[in-house]
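Down below is the structure, laid out as structure tokens.
Convention: sequence-line order gives letters A, B, ...; per-chain numbering from 1.
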There are 2 protein chains.
Amino acid sequence: MYMENSRAIVIEPGLPDPCAKCDARQHSMCNSLDERDMFRLAEIAGVQKFEPGQTIAEEGDSAAHFFNITAGTARLCKLLPDGRRQIIGFPTRGHFLGLAVTSTYGFSVEAITEVRLCKFSRAKLNRVISDFPELEAKLLQTAMHELVVAQEQMLLLGRKTARERLASFLISELTTQEACAAPKNHVHLPMTRSDIADYLGLTIETISRSFSRLKADKLISLDNATEVAILDRHKLTAIANGET
Amino acid sequence: MYMENSRAIVIEPGLPDPCAKCDARQHSMCNSLDERDMFRLAEIAGVQKFEPGQTIAEEGDSAAHFFNITAGTARLCKLLPDGRRQIIGFPTRGHFLGLAVTSTYGFSVEAITEVRLCKFSRAKLNRVISDFPELEAKLLQTAMHELVVAQEQMLLLGRKTARERLASFLISELTTQEACAAPKNHVHLPMTRSDIADYLGLTIETISRSFSRLKADKLISLDNATEVAILDRHKLTAIANGET
DNA sequence: CGTTATCTTGACGTACATCAAATGTCGTGG
DNA sequence: CCACGACATTTGATGTACGTCAAGATAACG
């Protein structure tokens, strides 16, 4: 279920320059900053790259940093002592991580694809943050949005059937992938069935069977396991919302 | 599963005076304000009282207000079209509600016991908030804490057994009730078995059976259904954390 | 005290988990 | 190019934790 990992390498010290060509900028908290503020923020940031399977942060470790993902997909994992795993989310470009008041990380962060991110020392960011009221407002907006998403996920985990969970997941992935591009009817899933299962509170077998049934019902089609075509978005949405 | 409700009555216009005697003050966001700011905030607030079963806000309604609960216990409910219900939380004194960027409420709020609260117009609060950076910082802290709690609940709903869920709930209730008082070994549960079931993603029967089994195992004892004595906190905590 | 809602307990059903095997899928090296 | 092994995914057979249905037991309330 888990992949081994070695340490990541800092590829360049944080400088305003990388920000200028950062294509996550307009999707992240940085979009609330003007150029002068970007410089101040970049001064305390470091850019890192992680290979698939590498651990970016470990649940329980001292929460020394915030992260801002600039490319790739990661997974946020919580574990029980016997190995049961719950995935909390699949952050991608633009997601800000470390939104926790606590002194230790409440989840592990692991790279699914190659992940690039911008890393901030918590102490430094806190010191700088008081100078940027817009940044604080932006973080509040982000946290509130995360909260709404988390509550929706609680409904899913507590009350939806396997079929409804998978439909919800596909529609949600489609929607977020559309946010960065034109409307489409195709979802790319960089995560494994095991990741999806642990995100939806199910097993890989149930995920696979649910995929097969959606396919048999002509609501989706699967070429390879990572590419899903949405054939009937309306019906799939209805299922996701428990309307059947 | 649901109780009828009529409309609540405003019992007094918001004034600095009620804040002075508000015993939720030190537990709420208001504790980050000095006296002058309290006056400004109180100017835009209204105090309300709700009877058990009354609806305080309805999922999907235009989110015109924020609430700050000053007394009593409420439940936050999300519903699926066929009536399946997920309870997101049981806010009590000091909890701030309406933490959502969206234009409509993402959940309904219903009074379990008699509930008193302080109500703020969203538009007015937003206008006032920019003058109180400490308030914004406080709201961010609150939102981040809620997020950590929500993530913990996702682990519970996705991966814990019925027994573990109930143990988690009891320990969590004990802990929060202790936060306002001395350490104790006794939990008061103002909510029904149905509420607990919908909070833990189970049925009332499973809740009842899990209570009975914890009782048979001498980890708790029940006088009436609403009073639980914690007999072995250590073992109960271990179960809650999935260590058995 | 009835009356009614809530809670508990028992008997049985089912959606999903578990166990097991077949079938891709993909990289590697002959 | 094909054979091979290591994995991920799918599919099938069976098990089980929890849900559903039903009946009592308690508690709340006029």
Side-chain angles (χ1 to χ4, degrees), chain A residues 1-4 51-53 75 80 82-86 112-113 156-167 169 188-216 220-228 239 242 244, chain B residues 1-4 51-53 75 80 82-86 112-113 156-167 169 188-216 220-228 239 242 244:
Chain A
M1 221 193 238
Y2 305 113
M3 301 166 87
E4 295 307 320
E51 297 303 319
R75 60 176 168 248
L80 289 171
D82 61 1
R84 281 174 284 172
R85 183 174 73 152
Q86 181 65 36
I112 290 178
T113 64
L156 180 149
L157 292 170
R159 291 303 182 208
K160 288 187 185 176
T161 65
R163 182 180 173 82
E164 290 164 352
R165 292 181 200 203
L166 185 56
F169 175 66
H188 175 65
L189 303 176
M191 65 291 287
T192 65
R193 295 288 186 264
S194 174
D195 289 334
I196 299 175
D198 287 343
Y199 181 60
L200 299 178
L202 299 166
T203 59
I204 48 171
E205 293 92 337
T206 299
I207 295 295
S208 186
R209 276 185 251 272
S210 301
F211 265 120
S212 299
R213 210 181 129 213
L214 290 179
K215 195 170 147 190
I220 64 171
S221 77
L222 295 169
D223 310 340
N224 55 67
T226 67
E227 299 294 330
V228 182
I239 292 170
T244 42
Chain B
M1 219 192 237
Y2 305 114
M3 301 165 89
E4 295 307 321
E51 297 303 320
R75 60 177 166 246
L80 289 171
D82 61 1
R84 279 175 286 171
R85 184 174 72 152
Q86 180 65 35
I112 290 179
T113 65
L156 180 148
L157 292 170
R159 291 300 181 212
K160 288 187 184 176
T161 66
R163 182 179 172 83
E164 290 165 353
R165 293 181 200 204
L166 186 56
F169 175 66
H188 174 65
L189 303 176
M191 65 292 288
T192 65
R193 294 289 185 264
S194 174
D195 289 334
I196 299 174
D198 287 344
Y199 181 61
L200 300 178
L202 300 166
T203 60
I204 48 172
E205 293 92 337
T206 299
I207 294 295
S208 186
R209 276 185 252 270
S210 301
F211 264 122
S212 298
R213 208 177 131 216
L214 290 179
K215 195 170 147 190
I220 63 171
S221 78
L222 296 168
D223 310 340
N224 55 68
T226 67
E227 298 295 331
V228 182
I239 293 171
T244 42

Notebook entry, point to check: What is the distance from atom CD of B/E164 to atom OG1 of B/T244, rounded to the nearest 0.5 Å?
Noted result: 6.0 Å

Margin query: I need the A/K160 NZ to B/L80 CG distance, nearest 0.5 Å.
Written below: 6.0 Å

Less than 4.5 Å apart, any side-chain heavy atom of [X] and any of [Y]?
X	Y	result
A/R159	B/D198	yes
B/R209	B/L202	no
B/R85	B/D195	yes
B/L157	B/Q86	yes

Next item on the list: Return the nearest nucleotide to the side chain of A/L202; candidates are D/dC18, C/dT8, C/dA17.
Entry: C/dA17

Item checked: Shortest side-chain distance from B/T206, nucleotide among C/dT18, D/dG19, D/dT9 -> D/dG19

Counting distance alone, no hydrogens or angles: does the base of [N] have a donor or acceptor under 3.5 Å from a partner atom on the side chain of [X]?
X	N	value
B/R193	D/dT26	no
B/E205	D/dC21	yes
A/R209	C/dT18	yes

Within this structure, what is the [atom1]-to-[atom2] distance between [X] and [N], rounded to whole angstrom?
X	N	atom1	atom2	answer
B/I207	C/dT8	CD1	C1'	13 Å
A/D195	D/dC7	CG	P	16 Å
B/D198	D/dG19	CG	C1'	13 Å
A/K160	C/dC16	NZ	C1'	18 Å
B/L157	D/dA17	CG	P	19 Å
B/L166	D/dA17	CG	P	17 Å
A/L189	D/dT10	CG	P	11 Å
A/R213	D/dT10	CZ	P	16 Å

Item checked: Axis-to-axis angle between the two ends of the helix from C/dT8-D/dA23 to C/dG30-D/dC1 (five base pairs per end, rounded to 10 degrees) -> 40°

Notebook entry, point to check: Contacts to DNA chain C from residues 220-227 of chain A, heavy-atom cutoff under 4.0 Å, which residues?
Noted result: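 Within this stretch, nothing sits under 4.0 Å of the strand.
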
Next item on the list: Measure from the side-chain N and O atoms of A/E227 to the backbone N and O of A/N224, and report whether any donor-acceptor pair falls under 3.5 Å.
Entry: no

Notebook entry, point to check: Any donor-acceptor pair under 3.5 Å linking the side chain of A/R75 with the backbone of A/Y199?
Noted result: no

Notebook entry, point to check: Has B/S212 got a side-chain N or O lying under 4.0 Å from the OP1 or OP2 atom of C/dT9?
Noted result: yes

Notebook entry, point to check: Could you go step by step and tell me if B/F169 and B/L189 meet the side chain to side chain contact (heavy atoms under 4.5 Å, CB included) rule?
Noted result: CA-CA 10 Å; B/F169 175 66; B/L189 303 176; 3.9 Å; yes

Next item on the list: Apply ring pair (Phe, Tyr, Trp, His ring centres under 6.0 Å) to B/F211 and list each qualifying residue two or more places apart in sequence or on a separate chain.
Entry: none

Margin query: Counting the atoms with a prime plus P, OP1 and OP2 as sugar-phosphate, which does A/T192 contact under 4.0 Å by heavy atoms, base, sugar-phosphate, or nothing?
Written below: sugar-phosphate

